[in-house]
Amino acid sequence: MTERALASFALQAKFCAGLGAPFMAALCRALSAGIDPASQTGQRLANWPGEPMTDALPMRMTGALHWLVRSGRVPELAALYPPAALPDEAALAAAIAAVMADPASDAAIAEFLGSAPQTNETGRAGALMPGLLTVAAETGLPLALIELGASAGLNLNLDRFACDLGGTRAGDPTSDVIIRPNWQGPPPPAAPVNVIKRCGVDLAPLEAADPAVAERLLAFIWPDQPERLVRAAAAIALARRHPPTLHQADAADWLAANLALTNGAATIVYHSIAFQYFPPAAQARIIAHLEAVGSAATPAAPLAWLRMEMDDPAQPAMPAIRLRLWAGAAASERLLGHAHAHGAFVQWAA
Ligand SMILES: C[S@@+](CC[C@H](N)C(=O)[O-])C[C@H]1O[C@@H](n2cnc3c(N)ncnc32)[C@H](O)[C@@H]1O
């Protein structure tokens with residue numbers, strides 16, 4: 001393995017330890033000792049053409065192992081994964097080495113490394129839903145939703161999740177997808193969230209109904225975080241019953257061709273941890289187009305731009321929740337609060 005790949009595993013181990021994921025930290029450290037340089041996987045890592053951290057190489061590798069563990073094909077390694085107690089690192093390295101020694105597992109991991117991690121975090125609904133409630137309360141209208149960078153579109157079903165937002169309930173209380181962030185600050189307004197249409201856009205939309213796609217999505221969730229795994233599995237099952245409409249396109253291109261106001265509904269364009277991945281020119285086009293369409297908005301056909309993004313220089317480690325609302329007069333721009341990147345907590349300011 002190259003020094004760069006080894007260094008990326010060590011760096012990722014530090015990140016994971018800092019983020020309260022001790023198993024992932026141990027796994028990243030054990031990778032260096034567990035991967036045989038002569039294996040297909042070892043060769044692939046040694047000849048990696050890009051920059052390992054930029055390409056999320058440690059996440060590809062830990063995702064590949066989690067995927068094999070979840071498949072039931074590597075029971076000895078699986079026995080060391082949570083909910084088992086944190087294993088000894090030497091035992092973890094030995095179990096990884098045993099998996100690599102099996103040519104079929106080695107080939108499967110080497111192939112898995114080929115595609116970049118793509119996730120879809122439903123916990124972020126805990127930061128998005130209070131934005132929907134704010135728009136519904138202020139406009140008194142049903143909602144038309146457009147999600148940019150929607151991935152598998154799991155958060156297009158957010159009105160079908162059981163949300164408890166600091167005591168304000170929203171969505172379907174019987175849902176298996178439970179969104180209950182640790183809430184700090186006043187509760188968001190209570191209002192009916194009546195979604196009359198919805199669609200998402202992504203450069204690479206994922207079809208959650210495809211079992212192979214669903215397994216990949218789940219594999220990239222850290223094994224230390226069982227509550228995220230349970231929630232994602234429930235959201236995938238929900239998406240099978242209510243498949244989101246997803247368009248494959250660049251967000252700016254799609255918006256320029258398709259964004260239209262709906263009379264009698266509030267149109268909400270929203271995104272979470274996605275804007276930073278759009279090229280700067282696309283970001284600028286999106287903002288300009290929203291301003292242009294927003295200038296024609298009325299109280300009967302308002303436009304909202306809701307985002308949960310890492311764009312607050314004062315709080316660089318926490319996504320900010322922002323809302324821009326056009327309803328006829330000048331647009332109102334508000335910082336609604338901040339949230340944990342996966343929605344574990346929400347600090348509501350509004
Ligand atoms: C980190 S994921 C976040 C997904 C989802 N919003 C969430 O919160 O779980 C970013 C998503 O943006 C998509 N993306 C990146 N560039 C894009 C673009 N130019 N237009 C549309 N989607 C894009 C990626 O394919 C990916 O699904």
Side-chain angles (χ1 to χ4, degrees), residues 15 19 53-56 59-60 63 114-132 145-158 161 163 177 179 181 198-208 210 213-214 216-222 225 227-229 231-236 238-239 244-259 268-290 305-311 318-322 338-346:
F15 288 154
L19 290 169
M53 277 318 264
T54 309
D55 293 347
M59 291 297 101
R60 292 181 197 228
S115 41
Q118 193 172 346
T119 54
N120 197 181
E121 180 50 64
T122 47
R124 293 176 188 146
L128 296 169
M129 178 53 94
L132 265 56
L145 304 181
I146 298 169
E147 184 178 5
L148 306 181
S151 192
L154 301 181
N155 282 333
L156 279 165
N157 278 330
L158 77 178
F161 300 169
C163 302
V177 187
I179 304 294
R198 66 188 84 203
C199 71
V201 187
D202 201 284
L203 261 190
L206 295 178
E207 190 169 341
D210 178 338
V213 172
R216 275 190 83 91
L217 263 177
L218 294 170
F220 287 121
I221 296 177
W222 296 0
Q225 298 167 330
E227 72 294 343
R228 288 181 67 206
L229 278 164
R231 194 173 55 219
I236 288 167
L238 182 64
T245 300
L246 293 174
H247 303 285
Q248 196 216 328
D250 169 77
D253 289 347
W254 190 90
L255 215 57
N258 295 287
L259 178 61
I268 305 185
V269 175
Y270 66 101
H271 44 83
S272 57
I273 318 296
F275 209 66
Q276 68 197 80
Y277 299 102
F278 303 168
Q283 295 181 359
R285 284 173 62 214
I286 289 170
I287 294 169
H289 194 60
L290 286 168
W305 181 29
L306 173 67
R307 57 265 195 219
M308 176 202 185
E309 297 289 346
M310 297 279 203
D311 62 5
M318 264 199 281
I321 312 166
R322 300 180 192 274
H338 291 86
H340 177 272
H342 295 148
F345 62 77
V346 173

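First listed ligand is number 1; within each ligand, the first listed atom is number 1. Fair warning: this is a prediction, and the values are worked out from it, not measured in the lab. All residue numbers refer to positions in the sequence shown, counting from 1.
Counting only heavy atoms from C-beta outward, the side chains of His340 and Met318 never approach each other to under 4.5 Å. For the pair Leu246 and Leu156, the minimum side-chain heavy-atom distance is below 4.5 Å. The closest side-chain heavy-atom distance from Phe278 to Leu148 is below 4.5 Å.
Judged by the shortest distance from any of its heavy atoms, Met308 lies outside the 4.0 Å radius around the atoms of ligand 1. Look at His271 and you'll find every heavy atom at least 4.0 Å from all atoms of ligand 1. Heavy-atom distances between Pro205 and ligand 1 stay at or above 4.0 Å for every pair.
Comparing Ala116, Ala274, Gly149 against atom 5 (C) of ligand 1, the shortest heavy-atom distance belongs to Gly149. Of the options Tyr277, Phe278, Tyr270, the smallest heavy-atom separation from atom 17 (C) of ligand 1 is shown by Phe278.
With rounding to the nearest 0.5 angstrom, the CZ atom of Arg228 is 4.0 Å from the NE2 atom of His342.
Ligand 1 places these atoms under 4.0 Å from at least one heavy atom of Ser151: 4 (C), 27 (O). Every atom of ligand 1 is numbered from 1 in the order shown, and the set under 4.0 Å from a heavy atom of Ile273 is 1 (C), 2 (S), 3 (C), 10 (C). The Glu147 neighbourhood of ligand 1 comprises atoms 6 (N), with distances under 4.0 Å to a heavy atom of that residue. Set against the non-hydrogen atoms of Gln118, the atoms of ligand 1 under 4.0 Å away are 25 (O), 26 (C), 27 (O). Here is the list of ligand 1 atoms found below 4.0 Å of a heavy atom in Ala249: 20 (N), 21 (C).
Here the closest non-hydrogen pair linking Asn120 and Leu217 is N-CD2, 3.8 Å.
Residues Arg231 and Glu121 are paired through a salt bridge, judged by an N-O separation under 4.0 Å between the basic side chain and the carboxylate.
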